[in-house]
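Presented below is the structure to which this report refers.
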Amino acid sequence: MAGEAPLLEAETTWDYLLERGLVPAGSTGTAREVGDGNMNRVFVAVPDAGGPGLAVKQAPPWIRALGPDAPMSPERAMVEARALAAFAAFAPEQTPAVLDVDPDRFAFTMEDLSDLTILRTALDAGARYGSTSTQVGDLVGRVTFATSAAGASAQERADLVARSLNPVLAAVTERYLLSEPLTAHENNSNHPALDAEVAALRADPAVRTAVSALRVAFGTSFQALVHGDLHAGSVMVGSRGDATTVRVIDPEFAVVGPVGLDLGLYLAGVVLATARAHALGDDELAAERADQARLLWEAFTAAWERAWPQRADPFLDDGWLREHLASVWWDALGFAGVELVRRVAGYSHASDLETLPDPGPASARVLAAARTLLVDRAALCGPGGVPDPAAVTALVAPDGR
Ligand code: ADP
Ligand code: MG
């Protein structure tokens, strides 16, 4: 029964892997807890004899960071395992390999990624994106096309929607992303220099209307399978051999929802990383980061355009595709806007800004960018509403370009 599954500890993880038949009988190994996440526990186990390790992720029946006083259904681990299977079907290169799913323990075992680094951590340390945004845009494009009305039959989509309902985590998004940061709430905080701007944003009826539309889009649009939490903390990066390795982890928030959500959350991370590079006075790094908006969008649209000739519904025409992609861009901008408000004035702040010598000026620029993303999206499209990714990151450039 939910909540009564024994919890793993570092000391019991190897025995668990033996019990599941995931490591050779009689072998020994050592595990450590690596999870620094808010929600769940992650253990990495390596064989004492050497060789590749395994990672086990388990959802306790509460929120990890808050403890048993904050109960939450451990079913979320099964949501995540199902989402990883769906992502692996369409974007195997960027999806962690899952070896075992254990519904009794609300746990699953996956590829050890400890040789990789969380993207946000790498960016804070000065890393370049390299091909990361291209790979993420490609993943979002492939998964959303394949699960959209263009890529899947009505029956496939009905089955997908039925097995992707995720009301517990959707409620978290509705609260921490799509309402609390936009209101005066005790969980929120901001840099003291931003008090007036934050209050003005929260009091602005145009902002309220824009966020209302995003909330309704999140709750009612069943466009395609989305990751739901695709910020820079959900991407791991590194290199294996000569290749840049990218893995998109942690899709426990996955739902059938608006395609623009994932692009928007990732784009917000690009804006933060760009603002950080500007604040540090590194123009060359800022330029590399600013360009990620374009690379993300190009890889996303390329995946749709590549798959388009084989669409499941041949009635859909090229005009619809153009309009649809433009509307995805529009939504992505809005979701980037709320994510930036959350990171500057909500509960969960961005280390990109917080670890600057003086977070004030960069945070002010990001907040102003968030406002434009919410209420002046036309400024981020070229003539005829064509997406203009460079205009997004230009919002946080000291000279506006
Ligand atoms: P949560 O659901 O609690 O947010 P995450 O999936 O984000 O958990 O994982 C928490 C942390 O654990 C990650 O930031 C990463 O450092 C580490 N981690 C997650 N998956 C793996 C893995 N397969 N291999 C190694 N480390 C991992
Ligand atoms: Mg998480």
Side-chain angles (χ1 to χ4, degrees), residues 7-10 13 16-17 22-23 29-47 51-67 70-85 87-88 92-102 105-125 127 132 136 166 168-170 172-173 176-177 227-238 240 245-255 262 265-266 269 342 347-348 350-352:
L7 287 182
L8 291 168
E9 300 296 342
T13 300
Y16 172 77
L17 293 171
L22 295 167
V23 292
T30 310
R32 63 185 195 285
E33 186 171 7
V34 295
D36 50 0
N38 289 329
M39 305 286 288
N40 302 296
R41 296 149 68 107
V42 182
F43 300 95
V44 165
V46 289
L54 289 172
V56 186
K57 182 167 178 177
Q58 185 180 37
W62 57 75
I63 297 171
R64 175 183 176 269
L66 301 178
M72 177 176 278
S73 167
E75 268 297 325
R76 62 190 188 272
M78 298 302 101
V79 171
E80 181 167 344
R82 279 194 295 275
L84 285 169
F87 277 63
E93 290 90 6
Q94 300 96 356
T95 303
V98 174
L99 291 90
D100 181 52
V101 178
D102 179 355
R105 297 257 201 150
F106 303 104
F108 60 90
T109 301
M110 63 182 142
E111 161 189 19
D112 177 10
L113 302 171
S114 351
D115 57 321
L116 309 182
T117 308
I118 290 288
L119 175 61
R120 178 176 295 114
T121 309
L123 295 171
D124 285 353
T132 307
V136 170
N166 193 4
V168 172
L169 280 295
V172 174
T173 297
Y176 289 98
L177 179 69
H227 177 286
D229 197 25
L230 219 182
H231 54 67
S234 295
V235 181
M236 294 186 80
V237 294
R240 289 178 177 172
T245 303
V246 174
R247 293 287 186 277
V248 173
I249 64 165
D250 198 18
E252 69 185 320
F253 284 80
V255 286
D262 287 351
L265 297 185
Y266 186 88
R342 175 170 90 98
Y347 179 54
S348 190
S351 60
D352 317 53

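Sequence positions, counted from 1, serve as the residue numbers for this chain. Numbering of ligands and ligand atoms starts at 1, following listing order.
Residues that satisfy the side-chain hydrogen bond (donor to acceptor under 3.5 Å, both in side chains) test with S114, not counting sequence neighbours, are D112.
When all heavy atoms of D124 and D352 are compared, the closest pair comes out as OD1-CA, 3.4 Å.
Looking at N38 against ligand 1, only its backbone comes within 4.0 Å, counting heavy atoms. Of all the heavy atoms of L113, the ones lying under 4.0 Å from any atom of ligand 1 are found in both the backbone and the side chain. For N40, heavy-atom contacts with ligand 1 shorter than 4.0 Å involve the backbone as well as the side chain. Residue-level proximity to ligand 1 for E252 is carried by the side chain, the only part with a heavy atom below 4.0 angstrom.
The A55 neighbourhood of ligand 1 comprises atoms 22 (C), 23 (N), 24 (N), with distances under 4.0 Å to a heavy atom of that residue. Which parts of ligand 1 touch M110 is read off a 4.0 Å heavy-atom cut-off, strictly below it: atoms 20 (N), 23 (N). Each of the following atoms of ligand 1 lies closer than 4.0 Å to a heavy atom of V44: 25 (C). Residue-ligand proximity, S114 to ligand 1, at heavy-atom distances under 4.0 Å covers atoms 24 (N), 25 (C).
Between R41 and E9 there is a salt bridge, with a side-chain nitrogen of the basic residue lying less than 4.0 Å from a carboxylate oxygen of the acidic one.
Heavy-atom proximity to atom 8 (O) of ligand 1, evaluated over R247, K57, R120, M39, is greatest for K57.
Looking only at atom types and distance, the side chain of D229 has no donor-acceptor partner in the side chain of H227 under 3.5 Å away. Side-chain contact of N166 with R76: a donor-acceptor pair under 3.5 Å is absent, judged by distance alone. Using modelled atom types and a 3.5 Å distance limit, the side chains of N40 and E252 yield a donor-acceptor pair.
The shortest side-chain heavy-atom distance between E33 and F43 falls under the 4.5 Å cut-off.
Heavy atoms of P96 stay at 4.0 angstrom or farther from ligand 1.
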